[in-house]
Amino acid sequence: YEGQVWYDKSSGTLRSVVGVGAWSSSASKSDKTSSTMAGTQTAAISAFGYDYGGPDQSTTKAEEYNGSGWSSAPSGNTPRYQVNSTGTQTASMVVGGNEGPPPYSTTGKTEEYNGTSWTESGDLPAGRSQGIPMAGSITAGLATGGADNVSGEPNDGTFEYDGSSWTAGTAYPAATGSIGAVGTQTAAFFYGGSLNAPGSSLTANTFYYDGSSFSAQTDLPVASSGWGGRSGTQTACLAAAANSPAPQKDVTLNWDGTSWTAFPNGALGTPRGGAHENMCGATANSAVLCGLPPTTNNLQLTEEWNFSINTITAAAWASSGSLNTARWGGSTMGSQTAGLFAGGATPSTKLNNSEEYDGTSWTEGDNLNTARGLMAAGGNSTQTAGLAFAGTTTTGPDNPGVTNATEEYNGTSWTSVN
């Protein structure tokens, strides 16, 4: 686990574990649509939303992401924005939203996507918008909270989906909109949100849902709303790019099942908020986020989150076979198991001998044509293709003597060249 340090007394090895997480830019979407996302970092679907680059109204557009770029996907049936989704790229559903064109009305419509086409399914018992928080799959879905009208009044209704229809479940502890969500129908996690329209009263509350009841968990570090979720599980998830307050737009949090931790390098490449609709991922270690204000140009930007844990082993020097001729100032070439050492000096003279190393011991090789020390060696020199040039030819401190001699080694002998 990250942060562990341990010592193996039998081998004298010290190890530590370091975790590194960061956002990186990826290919941009083709259109400026504030849409909802479902799936994983390498297989996501982005659909519906508000089209700022077209007729400036709700849309049914859809695009698929493969981990490196976007491609067009079949459009949905009913134009709407402030929708939310859950599932995978080939088995996802989009629920609720504000249906349009204007004048808009809040809807409970549900559409399922199978990777090829969209199909209408059972509606929510009541219309919901403001990205109604969702968890689970298209055969066992969960939706709670959200807004019950276009103006954004929060609601506490909870609904469960069985693959064809919705039934009412246990009400959320407080009427809340713009909640972050992750998990399954029977093991979900909800965090943050706004307690009134248009979201001026924020909450830090978090809750587990076990399929029948909600239980309070550790609060978020800051009362905030619009956290991006659907990345990970109930006990190990990622939250990023909250809508408000403003500083949280550039924050990434980790939930370990007990507490929240802010990643020290969790800033987005482009700070933006409201990712509760626009982010997805299979685990807390990998996610993809696209779109979001504050400017319409941001709606095409895509960023990926990657977190990895590296085991760091302290290095150590180990003694090996000694050179046959003691000296200083020679040149080393080659590798650890096929090395070459040439030239050098003793207190009284410069040397021309060279030695080869096999990873264990040194063997005398052919002598240099010009005895010298402190010579340069070609950076790509190997034991069978060495290059040595320049250096000092005498030992006197007042007149060290220098040379421009260049020699090549072919694994057998040294040859003077230009």
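No experiment lies behind these values; they were computed from the predicted model shown. Counting from 1, the numbers follow the sequence of the chain as shown.
Between P133 and Y172, the closest side-chain pair of non-hydrogen atoms is not below 4.5 Å. Side-chain contact between L289 and L268 is present, with heavy atoms from C-beta onward closer than 4.5 Å. Contact annotation: the side chain of T370 never approaches that of M375 to less than 4.5 Å [non-hydrogen atoms, C-beta and beyond]. The shortest side-chain heavy-atom distance between K29 and S46 falls under the 4.5 Å cut-off. Using a 4.5 Å cut-off on side-chain heavy atoms (C-beta onward), S308 and N285 make no contact. Using a 4.5 Å cut-off on side-chain heavy atoms (C-beta onward), S85 and S92 make no contact. The side-chain heavy atoms of Y208 and T235, taken from C-beta on, include a pair separated by under 4.5 Å. Looking at heavy atoms from C-beta onward, P221 lies in side-chain contact with L253 at the 4.5 angstrom threshold.
Listed for the Q248 side chain is no donor-acceptor partner under 3.5 Å among the backbone atoms of G226. Panel note: side chain R128, backbone N155; no donor-acceptor pair is recorded below 3.5 Å. Judged purely by atom type and a 3.5 angstrom limit, N265 has no side-chain atom pairing as donor or acceptor with the backbone of A22. E355 contributes no side-chain N or O that, together with a main-chain N or O of E364, makes up a donor-acceptor pair within less than 3.5 Å. The main-chain N or O of T394 is found under 3.5 Å from a side-chain atom of K350 such that the two form a donor-acceptor pair. Side chain of S225 to main chain of G192: no donor-acceptor pair is present (N/O by atom type, distance under 3.5 Å, no hydrogens or angles). Remark: the backbone N or O of Q217 is paired with a side-chain donor or acceptor of T206 at under 3.5 angstrom. A donor-acceptor distance shorter than 3.5 angstrom exists from the side chain of N278 to the backbone of S35, with no hydrogens or angles considered. At least one donor-acceptor pair closer than 3.5 Å links the side chain of S381 to the backbone N or O of L387. At least one donor-acceptor pair closer than 3.5 Å links the side chain of E407 to the backbone N or O of N369.
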Would V95 and F159 count as a side chain to side chain contact (heavy atoms under 4.5 Å, CB included) if you check the C-alpha gap in whole Å, the side-chain angles of each, and the deciding distance to 0.1 Å? CA-CA 11 Å; V95 179; F159 304 101; over 6 Å; no

With side-chain hydrogen bond (donor to acceptor under 3.5 Å, both in side chains) as the criterion, how do D162 and S164 come out once you've worked through the C-alpha distance, each side chain's angles and the decisive distance to 0.1 Å? CA-CA 6 Å; D162 62 6; S164 60; 3.2 Å; yes

For Y161 and E112, what are the C-alpha separation, side-chain angles and deciding distance, and is it a side-chain hydrogen bond (donor to acceptor under 3.5 Å, both in side chains)? CA-CA 12 Å; Y161 186 69; E112 295 184 0; 2.5 Å; yes

Could you walk me through whether D31 and T59 pass side chain to side chain contact (heavy atoms under 4.5 Å, CB included), step by step? CA-CA 11 Å; D31 61 61; T59 182; over 6 Å; no

Is there a side-chain hydrogen bond (donor to acceptor under 3.5 Å, both in side chains) between D210 and S212? Walk through the geometry before answering. CA-CA 6 Å; D210 62 7; S212 60; 3.1 Å; yes

Give the intermediate values and the outcome of side chain to side chain contact (heavy atoms under 4.5 Å, CB included) for residues T107 and T78. CA-CA 10 Å; T107 180; T78 302; 5.9 Å; no

side-chain hydrogen bond (donor to acceptor under 3.5 Å, both in side chains) between W166 and T110, worked out: CA-CA 10 Å; W166 295 90; T110 300; 3.0 Å; yes

Could you go through Y65 and C290, starting from their C-alpha distance and side-chain angles, then the distance that decides it, and tell me whether this counts as side chain to side chain contact (heavy atoms under 4.5 Å, CB included)? CA-CA 10 Å; Y65 182 71; C290 186; over 6 Å; no

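In terms of heavy atoms, G183 sits closest to A135 at O-CB, 3.5 Å. Across E303 and T270, no two heavy atoms sit closer than the pair OE2-N, 3.0 Å. Pairing each heavy atom of A73 with each of E64, the nearest pair is CB-CG, 3.7 Å. Contact record, W305 with G266: CZ3-CA, 4.0 Å, taken as the closest heavy-atom pair. Closest approach of S194 to P154, counting heavy atoms only: O-CB, 4.0 Å. The shortest heavy-atom contact between Q130 and G152 is NE2-O, 3.6 Å.
Rounded to the nearest 0.5 angstrom, T60 OG1 and N77 CG are separated by 8.0 Å. Note that the OG1 atom of T363 and the CG atom of L323 stand 11.0 Å from one another [nearest 0.5 Å]. Separation of atoms OG (S75) and NZ (K61) is listed at 8.5 Å; rounding is to 0.5 Å. For the atom pair OH (Y357) and OG1 (T337), the distance works out to 9.0 Å, reported to the nearest 0.5 Å. Taking OG of S413 as the start and CG of N367 as the end, the distance is 11.0 Å to the nearest 0.5 Å. The distance from the CE atom of M134 to the CZ atom of R230 is 8.0 Å, given to the nearest 0.5 Å.
Of the residues W260, W255, F207, the one that meets the ring pair (Phe, Tyr, Trp, His ring centres under 6.0 Å) test with Y191 is W260. Between Y209 and the options T186, T184, T170, T144, a side chain to side chain contact (heavy atoms under 4.5 Å, CB included) holds for only T170.
Checking N196 against S201 by side-chain atom types alone, no donor-acceptor pair falls below 3.5 Å. W70 and T302 share a side-chain donor-acceptor pair at under 3.5 Å.
Shown here is N380, whose CG atom has no more than 12 heavy atoms of other residues, nucleotides or ligands within 6.0 Å.
Ring centroids of Y50 and Y52 are separated by less than 6.0 Å, placing the two rings close together.
Not counting sequence neighbours, the partners of E111 by the salt bridge (Lys or Arg N to Asp or Glu O under 4.0 Å) test are R80.
Taking the six-membered ring where the residue is Trp, Y409 and W414 present tilted rings, their angle falling between 30° and 60°.
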